[in-house]
Amino acid sequence: MKPTHIEHIGIAVSNLEESIEYYEKVLGLSCYAIEEVADQKVKTAFFKVGDTKIELLESTDPEGPIGKFVEKKGPGIHHIAFAMPDVEKALSDAEKNGVQLIDKSPRAGAEGLKIGFLHPKSTGGVLTEFCSD
Ligand code: ZN
């Protein structure tokens, strides 16, 4: 199974309002959704760039995954998300290929998508997400 496109690029930010301003003023994009994902302890903001989205992630808790990431590495690119026809199958195929999974089965992400993460140890250091409608 192969991805149909890059669904989004996840970018960790320390201040959502300031980052939204950058993407709107400098790049001329418009933020079309802001959503809190309590499960992942983040507030997200979305922009469309063709078929791909930019997902800004601001931590709502210093102990959450984005809080720890920003603390360790500073703000920047956090993950890349591939649109897959079937996340469940894509995850199990990856596992059969020896990839270490963060999510053995899909869970609910922002925008009502089904998502699952692959461990960056198995992907050349890139936190990789699969998602589908
Ligand atoms: Zn994502």
Side-chain angles (χ1 to χ4, degrees):
M1 182 177 302
K2 65 178 183 182
T4 54
H5 60 284
I6 292 175
E7 215 284 333
H8 63 270
I9 296 169
I11 299 175
V13 304
S14 32
N15 183 310
L16 201 59
E17 295 308 313
E18 283 176 19
S19 294
I20 288 171
E21 197 177 304
Y22 163 76
Y23 284 91
E24 291 193 331
K25 279 201 177 147
V26 179
L27 295 182
L29 301 172
S30 55
C31 176
Y32 69 91
I34 292 179
E35 186 183 341
E36 189 162 340
V37 185
D39 186 39
Q40 290 164 63
K41 301 184 166 77
V42 287
K43 210 162 122 188
T44 61
F46 287 93
F47 303 84
K48 282 193 178 106
V49 189
D51 285 342
T52 302
K53 297 163 193 158
I54 300 290
E55 176 187 47
L56 303 182
L57 303 148
E58 180 193 64
S59 185
T60 55
D61 178 343
E63 291 305 307
I66 296 297
K68 285 183 183 160
F69 178 89
V70 171
E71 168 78 31
K72 232 201 280 181
K73 301 187 176 175
I77 293 180
H78 178 258
H79 65 274
I80 183 163
F82 295 100
M84 286 293 187
D86 179 341
V87 175
E88 194 150 23
K89 179 153 188 341
L91 288 171
S92 78
D93 285 354
E95 192 171 36
K96 278 178 207 149
N97 281 311
V99 170
Q100 188 185 331
L101 303 181
I102 294 174
D103 299 300
K104 295 251 175 200
S105 55
R107 58 190 160 101
E111 298 199 296
L113 295 176
K114 275 195 255 173
I115 65 164
F117 282 93
L118 313 186
H119 200 287
K121 271 182 196 158
S122 302
T123 61
V126 180
L127 178 60
T128 300
E129 177 182 353
F130 290 161
C131 54
S132 73
D133 297 336

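Start at 1 and go down the list; that is how both ligands and their atoms are numbered.
With respect to the Zn ion (ligand 1), His79 has NE2 as its nearest N, O or S atom. For Glu129, the N/O/S atom at the shortest distance from the Zn ion (ligand 1) is named OE1. Among heteroatoms of the N, O or S kind in Glu55, OE1 lies nearest the Zn ion (ligand 1).
Across every non-hydrogen atom of Pro85 and Lys2, the tightest pair is CD-O, 3.7 Å.
Here the straight-line distance linking atom NE2 of His78 with atom CD1 of Ile9 works out to 14.0 Å at 0.5 Å rounding.
Other residues, nucleotides and ligands place no more than 12 heavy atoms under 6.0 Å from the CD atom of Glu71.
With 2.8 Å as the limit, Cys131 does not count as an N, O or S neighbour of the Zn ion (ligand 1).
Between Tyr32 and Phe46, the two ring planes are tilted [angle within 30° to 60°].
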